[in-house]
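Contents: one structure, followed by commentary.
First the proteins, then the strands, lettered A, B, ... as listed; each starts at 1.
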Amino acid sequence: MAKSAVKPADRAPALAGFRFANDHVAMHIAPPASRTNLRATEKGAKAFEKKLGLTLPRAPSGAVASGGKLAFWLGPDEWLLVDEKNANTSMVPKAASNEFSAVDISHRNVAFVIDGPGAANMLNAACPRDLSLKAFPVGTCSRTIFGKAEVVLYRKAKNTFRMECWRSFAPYVRDYLLEGARDAHI
Amino acid sequence: MTAQNDQPFRVKGRGALSRAGTIEFTFDGKTYQGLEGDTLASALLANGVHLMGRSFKYHRPRGVLAAGVEEPNALVGISRDKARHTPNVRASVQELYDGLAATSQNRFPSLNFDIGSVNSLMSPFFPAGFYYKTFKWPAKAWDKLYEPFIRRAAGLGDAPTESDPDRYANRYAHCDVLIIGGGAAGLLAAREAAKKKQSVILCDENPQMGGYLLSDSDVEIEGLSGPAWAASVVAELKKLDNVRLLTRTTGFGYFQQNMVGLVESVTDHLSTPPADLPRERMWQVRAKKVVIAQGAIERHMVFPGNDRPGIVLAGAAQTWLNRYGVTVGDRAGVFTACDTAYAAAFDLYEAGTEIAAIIDTRSQVGDDLLAQAKELGIEVFTGAAVAATTGNLRVNGMTVKTATGEEKQFDIDSLIMSAGWTPSLHLYSQSRGKPVWDEASQRFLPGHSPQNCVTIGACNGAQDLATVFAEAAKAVGAKPTKITVKDDVSLAGGVIGTTGPAADKGKAFVDFQNDVTAKDIKLAVREGMHSIEHVKRYTTNGMATDQGKLSNMHGLAIAANMLDKPIPQVGLTTFRAPYTPTTFGSFVAHTRGSLFDPSRHTPIHDWAAENGAAFEPVSLWKRAWYFPQAGEDMHEAVDRECRTVRTTAGVFDASTLGKIEVVGPDAAAFMNIMYTNGWDKLKPGRAKYGIMLREDGFIYDDGVVGKLSDNRFHVTTTTGGAPRVLNHMEDYLQTEFPDMRVWLTSTTEQWATIAVQGPKAREIIKPLVSGADISNEKFPHMSVVECKVCGVPARLFRISFTGELGFEINVPADYGRAVWETVWERAEPLGACAYGTEAMHVMRAEKGYIIVGQDTDGTVTPHDAGLTWAVAKSKPDFVGKRGLQRPDLMADGRRQLVGLKTTDPKTVLEEGAQIVDDPEQPIPMKMLGFVTSSYWSGTLGQSIAMALIEGGADRMGEKLYVPMPDGAIEVEVTGTVFYDPKGEKLHG
Amino acid sequence: MRNYNVFSLARETLRGHKGWEKQWRSPEPKKQYDVIIVGAGGHGLGTAYYLAKEHGITNIAVLEKGWLGGGNTGRNTTIIRSNYLYDESAGLYNHAVKLWETLSQELNYNVMFSQRGVMMLAHNVHDVQSAQRHIHANRLNGVDNEWLTPQQAKEYCPPLNISKTSRYPVMGAALQRRGGVARHDAVAWGYARQASAMGVDIIQNCEVTGINRSPSGEVTGVETTRGTIGAKKVGVVAAGHTSVLMEMAGVRMPLESYPLQALVSEPVKPVFPCVVMSNAVHAYISQSDKGELVIGAGTDSYLSYSQTGSMHILQHTLDAIIELYPMFNRMKMLRTWGGIVDVTPDRSPILSKTPVKGLYVNCGWGTGGFKATPGSAHVFAHTIARDEPHKINAGFTLDRFRSGRLIDEAAAAAVAH
Amino acid sequence: MLLIHCPYCQEDRPELEFANAGEAHIVRPKNMDEMSDEDFEAMFFIRDNPKGVNLERWRHAFGCGRFFNAIRNTVSDKFLKVYKAGEPRPSDEEIAELLK
Ligand SMILES: Cc1cc2nc3c(=O)[nH]c(=O)nc-3n(C[C@H](O)[C@H](O)[C@H](O)COP(=O)(O)OP(=O)(O)OC[C@H]3O[C@@H](n4cnc5c(N)ncnc54)[C@H](O)[C@@H]3O)c2cc1C
Ligand SMILES: NC(=O)c1ccc[n+]([C@@H]2O[C@H](COP(=O)([O-])OP(=O)(O)OC[C@H]3O[C@@H](n4cnc5c(N)ncnc54)[C@H](O)[C@@H]3O)[C@@H](O)[C@H]2O)c1
Ligand SMILES: Cc1cc2nc3c(=O)[nH]c(=O)nc-3n(C[C@H](O)[C@H](O)[C@H](O)COP(=O)(O)O)c2cc1C
Ligand SMILES: [Zn+2]
């Protein structure tokens, strides 16, 4: 094989290394992760859970952290699975299934980790959702819209969010977040 | 210029402002002093300046009339610097800051002397709608002659001329209760709602909460003065974290399902705005419950000469005095039809302003008021009216017609008037509520609320604080709390329409800014404008920047009177957002420049940029268009890129192509439905070109589809089509074929796609590929394999959009650039080039490959496009199958895709150029079709084109013509494949 | 009827304008008319006018549920142009522009038709191809439309931002110099005044609630909120409400009614000399004679008869306006409003006979029918009077959706307004 | 901006997350070849477009991705009911009930 081979390890995610902080919010790009888009029947979901030793949330807007992995409910037959520990190992089973579809999308998304008392305010510069703890409690995950970008928003803790978007939207999302950050204390 | 330092009309011991806060500002270049906390209007009044503007049509001199947002006259331009010029700012609202520079508008050369005011002398010639009746001859003269003149005369201030450097913010917010208006009503509602632990947003357009309480010198609530009580409630609310207080914040629009738009003015009152603050902040609030506490707006009196500078609303005079310590003059007349003006008059009297007389249209007036006037020695004329006024740039006299019909003259320098209070129904009506006429009080009041919304206080018709407080508590579900109120003045009483005998003589203004008089309204009705909506549009009453806050009720009453109909039968015009003029900037907020729309870049974008690529916008993407080398123009660059690919090889970033992974046991069955082609026979490892139709049979999208395994397809779509194709597929899957075991995932951005095309393509990539034999035998044209490239997992396609031997390498996006560079390291030494979308377009055209959206336009069937071979006849069903069988889609003479060669090979046709058989025929010509794609083909040394032409397939070899402005171009109809018709290169 | 001119104006001035007569009568409905037009918008009133003037039919009632001109005629951004792609469209809209050019004189009412030019911007290669296609087709159809470079576009409209770095740089523009704007209300009033003078009864506050048919199926009249009114022929010209009316005659339509919003800024001195449209970023703008910037927004995504729209639609429109004219960011919005636009699958109007004898329909103008008002009214009058289409509207039939012979201006990538 | 209740997410969500998908309960016949041109026109082009109660489809495009049906009043723009794709069209009686 050619000398100048690419090592599977050296991934160059969009916005790699981006960091920002002010008095009210801090954010950075999460490290590369292994991601799978899972679409399945209930039977398939169960089978997949067994195979990978993780639990899938069944309730709308649910999220489960298990087996070192994150499983987000996106729709009645759709989950986003994230594994940051084994960023370069695909979760897609080799064998085909009649009950589910698992597709590796590790490189499709970029995740912003957002933290601080002004986090929700910053997000509400472009996200029309009610992000009060009452309406969007800790542990909620939902696909939604941020400006003109589709995002998956997960509330890890009172003031901590993880927001994933498609990689080509990341610079746009970053710029919008930076605008929101200027107002985060209001 | 030195400022005159005393402010002659500033009254000691009145108002909340302090001399300590003395600051300087300029108006029309003249420097004045004012106090911190002033509005521009109160500061000018303190300096004895009433004349602040000129009216729209007649350019009449106008003074400030109101102390709030309803001000129609005192509109000025304010410029912090050249790029920060704001026209039409209300002097009554603009807060004073040190160094504020304001200029008057709509006058030339100066406010005191305005040539435009000849319009006023000519005014008898310009009644309502006069321009519909004239300016018609000669026919062409309107837009050449009359219109430019009218346009120059109209308009108010000057638009800004430079891009706005200020920043505007947006915030989506949610709450249990949104309260709009921070007067007595709003404040109490907020206090009670907060007690119940509800999340509350309370906004008021003014710098302080309190509403009219801040203007009232007598009222006492819970033992405190009005302002003190308001301050105490605010202090209480500030402590709570479930309450958000927004001052300088206007609720401008009430939209569906309790979505209310608020706009907060953040820096317009600051002398030097901090750089980190936005100028304004848009709040898009979704509230479970909305409480509207907008209050009431005082009406002016409609009588001849009611528009001279110095004539103001009584409530405004009271506000200026009690909030800002400014009196409107030394000797004021009072013209009223309700009690509140008495309070204003008495306050002025106490403050040392002489009261010439109180003229009250009512014959019955409360004894207490009469007694109080008597005690102060103020003469009151009941059942009387002001019949005329005198004075040019400032009122200097009034003529009063008494109850007994005798005329009295008074010298005055100011006149305060009140025709009563109009409940503000703006937001209630915007919420789609229907105002109801209350005959007893002669007012429209809120009726039933179609949304979860309550109106309270003066905007709900409450006329005393006791009622206001009761409504406020009830609105938020709190039990009525006993609140002691002393010396409250009732808002009752008033008149609507003209007052006084002489209303028909002289100009009795109804709408000040638009110069609409009572006469104009009567004329409109006389001319058959019987609907209030016609009256509005014919006279422009209520269409000025104050949107009829003062004029609408008067106009309605005058029209109703003319029509001899009860007011509710004539009805109100529609209230629309915004409540007060709202900047475009606050709506746009962040979405300027890079945030206007996402600009999508591929993982290889930066390499292209570093290597000098020019980019073209395609949907949201920026794609490398061509790679000009030193001294090359686009044409030369594209020529070279094509030549290099055809002779050697080229590398192309195809990452923007849409990709959808179709997975499941029914994958093939689903593909059979979504695409015209048959998918059952396709073997794993093989790829196929697919066409997707809409149900109506027209081409919707296309792309190459690779079959990875029996239940897994890698589908590609056009760059622009990706989102809608996935939506289209999901739609059929979820709603028409829900039982199919197949699932879809967008993988567009999972993969970076690198096309390597040309005779040396295999030589370039071979050493980089592991886990797959890519020899021609093992890996023929239209194959796909999962392998490794440069050591990373890849999906390798053998396909070609250029007609040459070609591969498309898909690697996970994060590796895209590294793999690209590795490929480039091999390609460059071999003489290959990087090429862009333009070269790609030329080469695909040489091969007759279509671009959906360029060679098709939503009216083209596969048959039209010469793709009949791709439509599986045998399939029982696919989307578009039935549509294709409609008569007109099967009819002869449809436009079909063909090739064109120009007789002169050097002439390159224009894309979009039309085609005829006889260029000599007269206009309108019969057009047979048009050129969809056209390029100079360096490879073939001639121009080539594709076109959609009626019955094109049967016209092979025919000569047709492309008529251009400078003569017709002769073309010959050919097949669409210009290069390597046998496809030997593909398979090489 | 009193002629409107400088002299009558001067004469009235001396009499305190006491002598102006009603511009139209407000009669009680008669029992029976030859023709009933449903809808007193520009198209409906114009139809009545041309029926009376050119076909000698004066026993006509125009029935209006609200106030005349209060529909889309009274709430549109008044862009007038005829540089449409297909022959049928070019024919129809150009017929209208020709009539616009003399309408003020014809009606003795100044409709303020101002041919200040309509410029349509191209923001990407596809736009350019589409604009060129229009320009070439228009030229061979005798419709003026010319290509401008970004610099030329800037000269024609100085506020335009042609910076190469903007998100959607302007790559050029198609300009129709004969295009422009007119005073929307005056169009309705002018037609109403002349029609009324020729004997047409314009009956406002009269909502049609039913369409009556004989046992054999042909139209016999209408039910209204002011009673039954008989007529041999009924022309439905009800824009957003067409589906509702046609349903009354049992005819289901290929229409959907969407809210379309517009807004005006506060008036300013002249800054914007022409009309500019951009389909790619979707915004169109001009400046009225009173000085407001008149800005057209997009439609909401859902059906609505509410004449109101959503705030985010206004935001997207202003985003685009500010992208193109950044200096307007500090301008203030004075008023917003909405109308109900009736949209056909191919974005072209329907001017047609119907399966019901004696019933005619003029609809489907969607976001772009004001410009067609005189032309549409003229050929629709012909269609009703002769019971057959004028050659200009022959292609705009109701049954084209069955055969598939569409006039697809939308597919041809030109949003129509 | 409307507020729309998604029957799958079981929550009110802002309209910005949704895409309107036109009239509901238009049947795509199993054997389309047998359709007359009239039937095809009716299916693909003709719309109820009612002033009042409308049965329409929405997709929770920026949410769960599901298509679903809604009953909405096109005069007030108020939603009367939402239900999952595939569920039967509510009877006229039920709709009349909702209107009360
Ligand atoms: C915001 C907006 C901007 C637009 N911009 C442009 C533009 O720039 N250029 C352009 O060319 N076009 C534009 N249009 C489109 C244009 O306004 C319309 O196509 C055109 O005005 C339609 O005129 P009309 O006479 O057919 O309909 P309308 O003027 O709507 O008249 C129809 C009438 O029928 C009445 N009616 C309805 N139902 C009944 C009933 N049951 N009984 C009695 N009467 C009834 C209505 O009350 C209404 O008055 C715009 C439209 C809108 C809403
Ligand atoms: N002349 C007088 O004596 C007089 C006049 C008016 C009110 N009052 C007293 O006040 C009582 C009414 O109090 P209230 O609270 O109902 O009315 P209010 O006028 O005191 O307060 C209403 C407040 O809402 C603000 N507002 C209006 N529209 C707004 C919008 N769209 N966005 C943001 N803010 C907006 C106004 O600027 C004002 O500050 C009356 O009963 C009367 O006792 C007295
Ligand atoms: C071209 C045009 C210009 C307008 N200019 C103004 C204006 O200057 N002031 C105003 O208040 N309304 C203006 N309007 C809007 C009307 O007041 C009104 O909102 C519109 O006719 C719709 O009617 P409605 O709001 O009563 O439903 C204008 C409308 C149009 C179509
Ligand atoms: Zn959902």
Only pairs of heavy atoms separated by less than 4.5 Å count here; which of [options] has the most with chain B?
options                               : result
A/Pro32, A/Pro128, A/Ala96            : A/Pro128
A/Leu131, A/Asp10, A/Val173, A/Ile186 : A/Ile186
A/Met122, A/Lys7, A/Glu78, A/Arg129   : A/Arg129
A/Leu123, A/Asp77, A/Asp175           : A/Asp175
A/Gly180, A/Ser97, A/Ala126, A/Ala149 : A/Ala126

Top contributor to chain A contacts, counting heavy-atom pairs under 4.5 Å, from [options]:
options                                : value
B/Val811, B/Asp710, B/Asp597, B/Val819 : B/Asp597
B/Glu730, B/Glu821, B/Arg817           : B/Glu730
B/Glu749, B/His605, B/Arg244           : B/Glu749
B/Lys766, B/Arg286, B/Arg712           : B/Arg712
B/Thr747, B/Thr745, B/Val792           : B/Thr745
B/Glu661, B/Arg281, B/Gln284           : B/Arg281

Can you say whether [X] sits under 4.5 Å from chain A via the side chain, the backbone, both, or neither, judging by heavy atoms?
X        : value
B/Leu277 : neither
B/Pro278 : side chain
B/Trp751 : neither
B/Asn170 : both
B/Arg171 : both

Q.
Could you report the tightest heavy-atom contact between B/Ser746 and B/Leu726, atom names first, then the distance?
A. CB-CD2, 3.8 Å

Q. Relative to each other, are the rings of A/Tyr154 and A/Phe72 parallel, tilted or perpendicular (30° and 60° limits)?
A. tilted

(Q) Whether A/Glu84 and A/Arg35 form a salt bridge (side-chain N of Lys/Arg under 4.0 Å from carboxylate O of Asp/Glu) is what I want to check. (A) no

At what distance, to the nearest 0.5 angstrom, does [atom1] of [X] lie from [atom2] of [Y]?
X       : Y        : atom1 : atom2 : value
A/His24 : A/Asn159 : NE2   : CG    : 12.5 Å
A/Leu74 : A/Ser142 : CG    : OG    : 8.5 Å
A/Glu99 : A/Lys43  : CD    : NZ    : 4.0 Å

Q | Residue-level contacts of residues 100-116 of chain A with chain B, using a heavy-atom cutoff under 4.5 Å | A | A/Phe100, A/Ser101, A/Ala102, A/Val103, A/Asp104, A/Ile105, A/Ser106, A/His107, A/Arg108

Q. When the aromatic ring centroids of B/Tyr168 and B/His590 are compared, is their separation below 6.0 Å?
A. no

Distance-only polar pair, side chains of [X] and [Y], donor-acceptor under 3.5 Å:
X        : Y        : answer
B/Thr602 : B/Asp653 : yes
A/Glu49  : A/Thr55  : no
B/Ser199 : B/Asn242 : no
A/Asn124 : A/Asn121 : no

Q) In terms of heavy-atom contacts, does NZ of A/Lys148 have more than 12 from other residues, nucleotides or ligands at under 6.0 Å? A) yes

Q) Quick one: does A/Ser168's side chain have a donor or acceptor within less than 3.5 Å of a partner on B/His601's backbone? A) no

Q) Is there side-chain contact between B/Val742 and B/Val662, with heavy atoms separated by less than 4.5 Å? A) yes

Q) A/Ala40 versus chain B, heavy atoms under 4.5 Å apart: side chain, backbone, both or neither? A) backbone

